[in-house]
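Below is one structure, written out as structure tokens; the observations come after it.
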Amino acid sequence: MYKVLLADDEPYALVVLRKIIVWEEHGFCIVGTAEDGVSALKMAHDLKPDVVFTDIRMPRTNGLELITELHKLNEKMLIVCVSGYNEFTYVQQGLRLGVSDYLLKPVKRDDLIRLLNKMSHQLDQEHNNSHYINALFSLLSGQNMQSIQSSMSLLGIREQHAYVAFITHILSEHRNIPLFTVISEEGLFSHVCFRTGSMQETFLLFSDTDHENAAKWIAQQDWPEKDRTGYCCFSSIKEPFSARFSQSEIAARTNCLRQDSQPLPYHPQRQPKQENQLLRRFSTALNTINQKELHLVFRDLIIYSQTLMLDEIASLYNNLVLTVKSAHKDFENALDYQNYAQLGQQYTSIPDIFTSMEKILTANEQNSSVPNASTISLILRAIDTQYTSEIEFTTLAKQFHITPNYLSILIKKETGITFTELIIKKRMDAACRLLRETTLPIQNIVEQIGYSEYSYFNRLFKKRMEMTPNQYRKQFQSVKEQASQ
């Protein structure tokens, strides 16, 4: 039986999904239900489900945020979005995040069964490949030669191969690449292909010829992702496989940011003397609040980093973050330490990494470590004018040239509540005013304050005011009538 977790903030929807079919008849069992994203994530961590069905819009952590966190927990987990017809934009975002499929509410029995059959086949296939995957991971992480040799034997890899290469490419869009393909022969080469992430594919290549043929082999492949491909060659199976695999991935992610047209070999270029000089200049400019020098330092950092591998860039970036945190207490939470994978996912080019940091450090007037009061006032004013629309937190952060993380800190510090709580408060306050002062139908009020679903608004209003919108309006009508008598 494959384990299933259901997440939806509507209890009735959970009951329907549980009862619509006999899950066990289709090879699945429901191990838990959750009514918000935070609870769902905790249950996923504890119960380790194979499949998660999640509503796309929920309180606390919404469905899109939950999908991101679930993939961090287990990238092989199958995730299904459950949504209404008017939420397809969110479903598209979910598909880009790597969800397996989606179901429209109200969920139909035949659609659910068809989807379960599809997922059951996919899970069965991955299960059948598990012994190869286990052998591969033993090969990648093993330091014991006996363990490596037994893994190679299981995979069908001959020990006499003199040259080895890992070749990794980052896919531009989600594709159904195989989880694992057993050893295959191609001319002078033998290779194993395996998926190392929903958007990443890696080849372990073996050859009796020299290293240069790894690049030739890549050139022969019909890949649209050659400009996002990296490789690492080594001369002996006695070298640590895990480190070499990581280096191929680093080269691939570096190539994504460099936007070169050819596959990129892993080749460290770090120059400690030049790097230390740049860090000293950065620290001095930061401490003396010298914006002109700070801009020049960031220009030189970009030039220096253009030839570095992404792990080297991550190390440099984290040294800069450490310098900022030590010099400016108010920026302590504005910048986060990042590993090479996080940098590769967050930015589209190497200059973006450093220009983004520069914007954070120079966003406030005179580069003060104290947030500019006028900037905070402008942010709150922007929220006041946009809260009735689909205001995007990340868009707001870009508007003021600060990171979403730092924007969150500023809003919480100024208002005492989070961005989401602030939007809800403003919408509920507006709803109360319209219920008291107008005779507008409640559905019109719901749309006017920025919600598309009455049921969702009704739940939020009742939780906040401890009565329904109708009861609230009647209460004030009664007070007015008594006052007029």
Side-chain angles (χ1 to χ4, degrees), residues 71 74-76 78 98 100 121-142 148-209 211-234 237 239-253 255-256 262-266 341 344:
H71 276 311
N74 178 7
E75 64 182 20
K76 296 179 184 177
L78 301 184
S100 302
H121 176 74
Q122 185 175 344
L123 289 166
D124 287 345
Q125 190 175 31
E126 294 202 2
H127 181 73
N128 292 336
N129 284 329
S130 63
H131 67 293
Y132 287 114
I133 290 293
N134 290 337
L136 180 66
F137 287 147
S138 295
L139 181 64
L140 296 183
S141 60
I148 291 176
Q149 286 170 345
S150 63
S151 298
M152 290 176 68
S153 176
L154 177 61
L155 294 170
I157 300 167
R158 302 194 307 273
E159 287 182 42
Q160 63 265 35
H161 282 300
Y163 295 96
V164 186
F166 275 111
I167 303 166
T168 299
H169 59 199
I170 312 298
L171 308 179
S172 57
E173 58 185 21
H174 184 72
R175 289 204 277 112
N176 291 321
I177 58 174
L179 179 69
F180 193 88
T181 302
V182 186
I183 200 81
S184 60
E185 304 285 341
E186 245 181 78
L188 298 172
F189 306 100
S190 300
H191 69 267
V192 179
C193 171
F194 54 100
R195 191 172 71 216
T196 50
S198 61
M199 302 287 284
Q200 186 172 300
E201 184 176 39
T202 298
F203 290 84
L204 177 52
L205 182 74
F206 295 87
S207 172
D208 294 325
T209 59
H211 287 178
E212 292 180 2
N213 279 292
K216 292 177 183 176
W217 186 84
I218 297 170
Q220 294 167 8
Q221 307 309 306
D222 184 23
W223 293 341
E225 299 91 6
K226 286 184 182 178
D227 58 345
R228 292 182 295 279
T229 299
Y231 61 97
C232 175
C233 299
F234 48 116
I237 63 169
E239 294 191 45
F241 273 50
S242 55
R244 301 308 183 191
F245 162 67
S246 295
Q247 288 167 355
S248 74
E249 183 190 9
I250 290 165
R253 293 192 179 278
N255 210 8
C256 289
Q262 296 299 320
L264 180 69
Y266 182 82

Assess the residue pair Tyr231 and Ile218 against the criterion (side chain to side chain contact (heavy atoms under 4.5 Å, CB included)); give the C-alpha distance rounded to whole Å, side-chain angles, the decisive distance to 0.1 Å, and a yes or no.
CA-CA 9 Å; Tyr231 61 97; Ile218 297 170; 3.5 Å; yes

Partners of Cys232 by side-chain contact (heavy atoms from CB on, under 4.5 Å), sequence neighbours excluded?
Arg244, Gln247, Ser248, Tyr266

Spell out, as yes or no, whether a donor-acceptor pair under 3.5 Å connects the side chain of Asn255 to the backbone of Gln262.
yes

For Phe234 and Phe166, take the angle between the two ring planes, folded into 0 to 90°, and tell me which bin it lands in: parallel under 30, tilted 30 to 60, perpendicular over 60.
parallel

Verdict with supporting geometry, Val192 and Phe203, side chain to side chain contact (heavy atoms under 4.5 Å, CB included):
CA-CA 6 Å; Val192 179; Phe203 290 84; over 6 Å; no

Euclidean distance, Ile250 CD1 relative to Thr168 OG1, rounded to 0.5 Å:
10.0 Å

Backbone N/O of Gln221 and side chain of Lys226: donor-acceptor pair under 3.5 Å:
yes

Scan side-chain atoms only and decide if Gln200 and Arg253 contain a donor-acceptor pair under the 3.5 Å cut-off.
yes

Residue pair Pro265 / Ala251: nearest heavy atoms and the distance that separates them
C-CB, 4.2 Å

For the student: nearest non-hydrogen atoms of Glu201 and Cys193, plus distance:
OE2-SG, 3.2 Å

I'd like to check Thr229 versus Ile167 (side-chain heavy atoms, cut-off strictly below 4.5 Å). Are they in contact?
yes

